[in-house]
Amino acid sequence: MDFDIRIITTSIVAIINAVSIALMYLIYSNDAKSRITKIFIQMTIIMLVWVDFAYLARIPDHGNMSLLWIRIAWAITPFLFVLIYFFAKEFVEKEVETTEKLALLVLGLIYFFIILLTDLVIRGIEFNEQGVLQIIYGNITISLIALSFLFFLSFLSIMVFVKQFINSKNKKEKENIKYILLGIAFFMTMNSIFNIYYPYFKHIFHLYFFGDYSTSIFLILLAYTIVRNKLFSIKVFLAEILTFSIWMIFSLLLFWSDSWTERILNSVLFTSIIITGIFLINSVKKEIEQREKIEKIEKELQRAYEIEKKANEQLKALDNTKNQFFMAIQHHLRTPLTSMRGYADLLLDGSYGKTSKKVKDVIERFKVSTVNLIKMVNDFLDVTQFQLGKEVISIKQGVDLSDMLKQIVEDIQLEANKKKIYLTLENPEERCFISADESKLQVALVNIFDNCVKYTEKGGVAIKLNVEENKIKIKVKDTGMGIPKEKLEKLFSSPFERTEESKKSFATGRGIGLYLSGQIIKAHNGKLWAESEGEGKGSTFFIELPKN
């Protein structure tokens, strides 16, 4: 064998070993316990025994050992085909039955011992003038039976994958099976041509390595499908194979060095390449891990966004339904309530005849309850219209705010007297006129003043009107239960927002008065806010309105 050719073949074998070790390491490190991983490692080891012993046998310098090594290379091959079949079964998630497994392993052992210990398949070897190994075959019939066994196993493996490919509806699984079938087809074709047809029928032996070395391509495709199937990192896969291959190539420099100086220099170079390779693999792994974390976070955020978006749409739809429902109910309620109030007025005026004082008292209470219900319905209707973004306010000029405050205080004075608390109003000497929706602004102020009186048990409520240069300010200070600081921000922004203390004092409160007041004053281009040092320390409400 020519020296240059030996260098080339030695380099190729070294690379095949490096790539095979890298493949085993990669597959094992990602899923050590998997049966597919164990089968793959066993296949790779058998393939290395085949390739390495076939390579050693073809070196003329090894003399009589070449016959033993070529027999070992041939004898080990049936186990590779048996394992390919086991791999096919495992890949499609079908266990090999125990009897089937034992039968195939026994046949493989028979094949192994016939080749290794007899002359029936390989009778001997010889090297020609060019140093090329030529195999002297034994019994042709036995050899053909042995080859038929290998082809039969290959056919079984291919049929397992083809059947799964036809039945599978998983696109990714179909892609993986394509790669495996491609690897098997390539492997079988190369071996049939260069390891069987040429040596047996053409007596051409120097092209053997095309068949032997095709096993490495088959294993690479097989490993690639495992990587894709198990969702391992393809980049890590390629980086490790590349690094191991470079290591093995440069290790050959040490082997072929002619002097100690070259060996030392090559050793330093080889060491630096190993360190660089380790850093390369680790950096790729870190990059992949970080990218996977980012992708995972992005997917989680996208999923959360979609859930939130869907929830918001559902809430919006429910809110619209609620608002429409409120409006329909309120319109249907207000009509009969207005009629009830009208009939109560007629009864009290004697339009239907004289009534006793006792009956009048009952009718009066009935009227008061009806008026309260009408006010409640109107408040609900206003809240709904504000939430729907409809125009609720109709501004008019010349509204007497001083007179409005005086009238409101007179209306709720009775309630203050019942509770034995003070209710004072401090108006400026000059009357104050503003542009406003008189009825709506009155509703807003009544809600605020009444709220202060309602939640004050001792002391009282002081109302003061100040007229400043560009605005009008109303200050309402009570000595009531106060407001927790965490509730102040939401006091006017959310309907049905009430403190726990207020729920205890007035369980039937609606919780919409302050919200409605805030919306009305906001619609007047004004401001409404409250201040309080906490529960039990009273509250102060501030109302700012633009001056005419």
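Keep in mind that the numbers below use all heavy atoms, side chains included, and drop hydrogens, waters and symmetry copies. Along the sequence shown, residues carry numbers from 1.
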Discussion item. Restricting to side chain to side chain contact (heavy atoms under 4.5 Å, CB included), what partner residues turn up for L102, sequence neighbours left out?
Written reply: T98
Item to complete: Could you grab the distance from atom CD1 of I115 to atom CD1 of I110, nearest 0.5 Å is fine?
Response: 12.0 Å
Worksheet item: Side chains of I76 and F53: closer than 4.5 Å at any heavy-atom pair?
Response: no
Worksheet item: Should the ring pair W50 and F187 be called parallel, tilted or perpendicular, given that the plane angle runs from 0 to 90° and is split at 30 and 60?
Response: perpendicular
Worksheet item: What pair of heavy atoms forms the shortest contact from I166 to K174, and how long is it?
Response: O-NZ, 4.3 Å
Worksheet, complete the sentence: Sorted by chain and number, sequence neighbours left out, side chain to side chain contact (heavy atoms under 4.5 Å, CB included) with T118 holds for I114, L120
Discussion item. Set out, in order, the CA-CA distance, both residues' side-chain angles and the distance that settles side chain to side chain contact (heavy atoms under 4.5 Å, CB included) for S157 and F81, then state yes or no.
Written reply: CA-CA 9 Å; S157 302; F81 286 85; over 6 Å; no
Worksheet item: Excluding sequence neighbours, so at least two apart, what forms salt bridge (Lys or Arg N to Asp or Glu O under 4.0 Å) with R35?
Response: E90, E95
Fill in: 4.5 Å side-chain heavy-atom contact, S66 and I59
no
Worksheet item: Heavy atoms, side chains only, cut-off 4.5 Å: are I177 and F91 in contact?
Response: yes
Item to complete: Quick one: pull up CG in L144 and OH in Y137 and give me the separation to the nearest 0.5 Å.
Response: 11.5 Å
Item to complete: Determine whether more than 12 heavy atoms belonging to other residues, nucleotides or ligands lie under 6.0 Å from atom NZ of K163.
Response: no
Item to complete: Check the pair Y111 / T77 against side chain to side chain contact (heavy atoms under 4.5 Å, CB included), numbers first and verdict last.
Response: CA-CA 9 Å; Y111 184 106; T77 52; 4.1 Å; yes
Response to the item:
Here the gap from I45 atom CD1 to F79 atom CZ, rounded to the nearest 0.5 Å, amounts to 14.0 Å
Worksheet entry | Partner residues of L68 under the side chain to side chain contact (heavy atoms under 4.5 Å, CB included) criterion, sequence neighbours left out | M65, I72, L116
Worksheet item: Who passes side-chain hydrogen bond (donor to acceptor under 3.5 Å, both in side chains) against S168, sequence neighbours left out?
Response: E173
Response to the item:
Applying side chain to side chain contact (heavy atoms under 4.5 Å, CB included) to T141 and not counting sequence neighbours gives N139, I145
Item to complete: Enter the distance from I84:CD1 to M47:CE here, rounded to the nearest 0.5 Å.
Response: 10.5 Å
Item to complete: Name all residues meeting the salt bridge (Lys or Arg N to Asp or Glu O under 4.0 Å) criterion together with K178; count only those two or more places apart in sequence or in a different chain, and write none if there are none.
Response: E175
Practice prompt. State, with a plain yes or no, whether a side-chain heavy atom of F155 is found less than 4.5 Å away from one of M188.
Written response: no
Worksheet item: Under a 4.5 Å cut-off applied to non-hydrogen side-chain atoms, are L48 and M24 in contact?
Response: yes
Item to complete: Quick one: closest heavy-atom pair of P78 and F149, and the distance?
Response: CB-CE2, 4.0 Å
Discussion item. Taking side-chain hydrogen bond (donor to acceptor under 3.5 Å, both in side chains) as the definition, give me every residue that meets it alongside Y85, ordered by chain and number, with sequence neighbours left out.
Written reply: E100
Item to complete: Measure the spacing between CG of L516 and CD1 of I520 and express it to the nearest 0.5 Å.
Response: 4.0 Å
Pairs under 3.5 angstrom only: tabulate donor-acceptor contacts from the side chains of residues 297-308 to other protein residues two or more places apart or in another chain.
{"from": "Q302", "atom 1": "NE2", "to": "E306", "atom 2": "OE2", "distance (Å)": "2.9"}

Worksheet item: Hey, does L528 have a side-chain heavy atom less than 4.5 Å from the side chain of K522?
Response: no
Discussion item. Filter on salt bridge (charged side-chain N to carboxylate O under 4.0 Å, His left out), then keep only pairs touching residues 65-80, sequence neighbours left out; what's left?
Written reply: R71-D119
Worksheet item: Side chains of I122 and L67: closer than 4.5 Å at any heavy-atom pair?
Response: yes
Discussion item. Just verifying a value: how many Å separate T99 OG1 and L104 CG, rounded to the nearest 0.5 Å?
Written reply: 9.5 Å
Discussion item. Holding to side-chain hydrogen bond (donor to acceptor under 3.5 Å, both in side chains), I want the full list of residues that pass it with Q134, two or more places apart in sequence or in another chain.
Written reply: none
Discussion item. I'd like to check the side-chain hydrogen bond (donor to acceptor under 3.5 Å, both in side chains) partners of S143; sequence neighbours left out, ordered by chain and number.
Written reply: Y200
